Amino acid sequence: MLSGAPRLRFAPAPTGLPHLGTARTALFNWLYARHCGGEMVLRIEDTNAELATTAHIEQILETLEWLGLDFDGDPVFQSQRAALYDAAVDRWLDEGRAYLDDGAVRFAVPGDGVTAFDDIVRGRVEFPNASIDDFVVRRSDGSATFFVANAVDDLDLGITHVVRGEDLLNTTPKVVLLRAALDATDMPTFAHLPLIVNKQRKKLSKRRDDVSLISYRDQGVLPAAMVNYLALLGWGPPDDIEVRPLSEIIELFDLADVNAAPAMFDMDKLTAINGEYLRALDDAGFAAAVEPWVRAEPWGADLDAATLSTVAPLIRERTRLLGDAPDRIAFLFAEPQIDPDDWAAAMAAPASDILERARTAFSEAEWSAATLHAELRAIGESFGLKLGKAQAPVRVATTGRAVGPPLFESLVLLGRDAALARLDTALAKLTSAADSGE
RNA sequence: GCCCCCAUCGUCUAGCGGCCUAGGACACCGGCCUUUCACGCCGGCGGCACGGGUUCAAAUCCCGUUGGGGGUGCCA
């Protein structure tokens, strides 16, 4: 076991888009490093020139920055450290620990005995050496494999804690064997994190599942919410307070408390947590957060900041994903799309009478939420209806749907002319339906 | 096949031998609030996979069974 200040590394292979599982691994490494005041190194495992691309490296960097995970020192690129790995393989060849096999070099695993290591999450793990095949340490193109780079770099960089996904558990004895063959007298502390699985309880895969961090960002998940949610996958605070500031998570987090069982990714819970973060924003903060999504709409491109800041508070506590926000306020800036079901439900008698009288009242009333509210309440009462019922036809006529932001506040923003025009349109539609005998 | 890991409400978790007639969160179902929805509040449903041990005492420790999952590449 290594002593001294903890030094961890996050070591992604840049062979694909940044992945939820990758992010969780990065986060747990980071949380632990920050928790104990240790160091956090970023190491890019680009030992396979065919698969690693600079685009993927940039996306990883971008994603880590989005999540707010920072690193100590410059990133280490394994592709630039080939000489170190070559020397190790040459040495093993010299010592007879490795041998040539059709142009590749394999490490000779002892035929008997066991290779064991201590894992914070799983306790002691032992592998019979007989179950480990002689594995390739140098490809026939001359490049060293992941196992070598891993063992050499963890040793060379003074890594004390190796924290990674359980899918790598079976490679650990190989790395341990190589590290020992490098004359290392100690081993890092391992922590193999439980896998994040899908509804079928299978490891998240980019083929089957939506695993791209970028996709969640684009749907309108806040990075802080994503980090908070990810921290809850395989770990839980002892005081049951799940949604909390990152500083508290850092304080409470410990690898020793990480669960061993796989955790299912639950979009519902992520969304709920995101909603909490959104609600915690003040009006200005929320307006700033939704702005990019609004700007992406045809009607939102030239929206002035004042309007945006007036509209945003109407939907803040109704929004769980920022990407859902534009749809809720589109009726204010474009002709409403009438939902047929909502229309049918809302326009039964006495809807046309209510619309008729609302139209008259609204054409003269002071254009404020309080006044419109009072007017429609009075109209509803004359039909023996509570406001909840009476507002329905007006809501569908002016917004297109039965549900939406507060009606009178919305009407104020819509403006009298547009509101009256929509009431007229609805009335005309009702009249023609009645004439045709429907 | 072989090797490894795992097992508390539907889901994420708290629990690390007595505080547990198992707590919280999401989801779901009621109710309240109410200008719809949402928010908020109140309440409900729902779980220690099974079988053996150990112990005065087990969700907690041990063994087995069953059931999941991961790995088994000149990918990482």
Side-chain angles (χ1 to χ4, degrees), chain A residues 11-16 22 45-48 50-52 78 101-106 119 121-123 125-133 135-147 149-150 164-173 192 194-197 199-203 229 232-243 256-257 259-273 275-276 279 314-320 328 342 346 369 372-373 376-377 380 386-392 394-396 399 401-411:
Chain A
T15 55
T22 308
E45 305 221 324
D46 51 350
T47 51
N48 188 314
E50 286 179 30
L51 299 178
Q78 293 190 324
D101 175 33
D102 287 344
V105 176
R106 286 183 187 275
D119 189 292
V121 178
R122 286 150 219 289
V125 184
E126 299 186 344
F127 291 77
N129 286 337
S131 72
I132 307 171
D133 292 331
F135 52 96
V136 172
V137 287
R138 175 183 285 160
R139 303 184 186 90
S140 47
D141 69 0
S143 61
T145 58
F146 146 80
F147 305 107
N150 213 274
R164 54 193 192 163
E166 196 207 326
D167 51 342
L168 259 10
L169 188 62
N170 295 290
T171 71
T172 303
H192 285 92
L195 259 20
I196 299 178
V197 298
K199 279 195 171 61
Q200 286 71 236
R201 298 249 124 213
K202 307 257 195 235
K203 182 170 78 157
Y229 175 67
L232 265 16
L233 253 28
W235 177 81
D239 59 7
D240 283 337
I241 300 172
E242 294 187 327
V243 178
D257 298 326
N259 248 325
M264 193 191 85
F265 179 79
D266 182 359
M267 186 58 187
D268 282 343
K269 184 143 180 173
L270 204 212
T271 303
I273 290 176
E276 277 204 53
R279 268 175 263 131
L314 260 34
I315 54 169
R316 198 192 73 224
E317 66 185 25
R318 296 169 169 73
T319 305
R320 285 147 68 95
R328 296 170 192 276
D342 286 354
L372 298 178
H373 182 281
L376 192 55
R377 174 184 293 279
K386 290 187 174 181
L387 225 204
K389 287 282 186 192
Q391 57 97 43
V394 176
R395 179 181 290 281
V396 173
T399 74
R401 295 184 203 164
V403 300
L407 180 59
F408 307 111
E409 290 75 358
S410 297
L411 291 176

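Order of the sequence lines sets the chain letters (A, B, ...), proteins ahead of strands, with each chain counted from 1. The shown structure was predicted, so the numbers you read here are calculated from the model rather than taken from an experiment.
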### Task
Look at A:R401 and B:C37 and indicate whether a side-chain polar atom (N or O) is within less than 4.0 Å of OP1 or OP2.
no

### Message
Could you tell me how far B:G68 sits from B:G73 if I compare only their C1' atoms? Round to whole Å.
### Response
25 Å

### Query
With distance as the sole test, does A:T145 use its side chain to make a donor-acceptor pair with the main-chain N or O of A:V136 at under 3.5 Å?
yes

### Query
Starting at CZ of A:R316 and ending at P of B:G40, how long is that distance when rounded to a whole Å?
11 Å

### Task
Tell me what A:E126 touches on the nucleic acid: a base, only sugar-phosphate, or nothing, going by heavy atoms under 4.0 Å.
sugar-phosphate

### Query
Is the shortest heavy-atom distance from the side chain of A:E242 to the side chain of A:E276 under 4.5 Å?
no

### Task
Given side-chain contact (heavy atoms from CB on, under 4.5 Å), test A:R139 with A:N48 step by step and report yes or no.
CA-CA 10 Å; A:R139 303 184 186 90; A:N48 188 314; 4.0 Å; yes

### Query
Hey, does the side chain of A:R279 come within less than 4.0 Å of B:G40's phosphate (OP1/OP2), counting only N and O?
yes

### Task
Verify whether the ring centers belonging to A:F146 and A:F135 lie closer than 6.0 Å.
no

### Query
Taking atom C1' of B:U35 as reference, at what distance in whole Å does atom CG of A:D342 sit?
16 Å

### Query
Contact class for A:G234 (heavy atom, under 4.0 Å): base, sugar-phosphate, or nothing?
sugar-phosphate

### Message
Under 4.0 Å, heavy atoms only, any strand: does A:G404 hit a base, just the sugar-phosphate, or nothing?
### Response
base

## Note on the structure
The residue among A:T22, A:T171, A:L169 that forms side-chain contact (heavy atoms from CB on, under 4.5 Å) with A:R164 is A:T171

### Query
Of the candidate nucleotides B:C6, B:U36, B:C4, which contains the atom at the shortest distance from the side chain of A:V125?
B:C4

### Query
What interatomic distance, in whole Å, is found between C1' of B:A14 and the corresponding atom of B:C48?
13 Å

### Message
Measuring only the C1' atom in each nucleotide, how far is B:G23 from B:G47? A whole number of Å is fine.
### Response
12 Å

### Pairwise C1' distance, B:G46 and B:C28 [rounded to whole Å]
10 Å

#### Entry: Value in whole Å for how far the C1' atom of B:U60 lies from CG of A:D257
15 Å

### Task
Whole angstrom is fine here: how far is it from OH in A:Y229 over to C1' in B:U13?
11 Å

### Task
Locate the shortest heavy-atom distance separating A:F408 from A:A369; write the atom from each residue and the value.
CB-O, 3.7 Å

### Task
Evaluate side-chain contact (heavy atoms from CB on, under 4.5 Å) for A:V121 paired with A:H192, printing each intermediate quantity in order.
CA-CA 6 Å; A:V121 178; A:H192 285 92; 5.8 Å; no

### Message
When the P atoms of B:G17 and B:U60 are compared, how many Å lie between them, rounded to an integer?
### Response
11 Å

### Task
For residues A:T399 and A:P405, determine if any side-chain heavy atom of one lies less than 4.5 Å from a side-chain heavy atom of the other.
no

#### Entry: Integer-rounded Å distance: B:U34 P and A:K386 NZ
9 Å

#### Entry: Short N-O contact, A:R401 and A:D342, less than 4.0 angstrom
no

### Task
For B:G69 and B:C63, measure between their P atoms and round to the nearest Å.
24 Å

### Atom-to-atom span, CH2 of A:W235 to C1' of B:G15 - whole angstrom
15 Å

### Query
Do A:R318 and B:C37 have a side chain to base donor-acceptor pair shorter than 3.5 Å?
yes

### Query
Which nucleotides of nucleotides 19-29 of chain B have their base under 4.0 Å from a protein heavy atom (B), which only their sugar-phosphate (S), and which neither (-), written as one string 5' to 3'?
----BBBSS--

### Task
May I ask which nucleotide in the shown strands pairs with B:U66, Watson-Crick or G-U wobble, both distances under 3.5 Å?
B:A7

### Query
Which value, in whole Å, describes the distance between the C1' atoms of nucleotides B:C50 and B:A7?
12 Å

### Message
Are A:V197 and A:F265 packed together at the side-chain level, in the sense that at least one heavy-atom pair is separated by less than 4.5 angstrom?
### Response
no

### Message
My understanding is that a pair needs two contacts under 3.5 Å, Watson-Crick or G-U wobble. By that rule, which nucleotide pairs with B:C2?
### Response
B:G71

### Query
RNA chain B: A:L233 or A:P405, which has the more 5' nearest nucleotide?
A:L233

### Query
Which nucleotide, in any strand shown, forms a Watson-Crick or G-U wobble pair with B:U21, with both distances under 3.5 Å?
none

### Task
Answer with base, sugar-phosphate or nothing: what part of the nucleic acid does A:R328 contact at a heavy-atom distance below 4.0 Å?
nothing

### Message
For B:C32, give the paired nucleotide (Watson-Crick: N1-N3 plus N6-O4 or O6-N4; G-U: N1-O2 and O6-N3; both under 3.5 Å), or none.
### Response
B:G40

### Atom-pair distance (CD on A:E317; P on B:G40), nearest Å
8 Å

## Note on the structure
Between A:A390 and A:G380 the two heavy atoms that sit nearest each other are CB-CA, 3.6 Å

#### Entry: Who pairs with B:C61 - Watson-Crick or G-U, where each distance is under 3.5 Å
B:G53

### Message
Need to verify one output field. Residue with the more 5' nearest nucleotide on RNA chain B, A:N259 or A:Q391?
### Response
A:N259

### Task
Side-chain contact test, heavy atoms from C-beta onward, threshold under 4.5 Å: evaluate it for A:L387 versus A:L376 and give yes or no.
yes

### Task
Pick the P atom in B:G64 and in B:C3, then give their distance to the nearest Å.
14 Å

### Integer-rounded Å distance: B:C4 P and A:I132 CD1
10 Å

### Summary
With sugar-phosphate taken as primed atoms, P, OP1 and OP2 and all else as base, the protein-contact string of nucleotides 68-76 of chain B at under 4.0 Å (heavy atoms; B, S, -) is -BBS--BSB

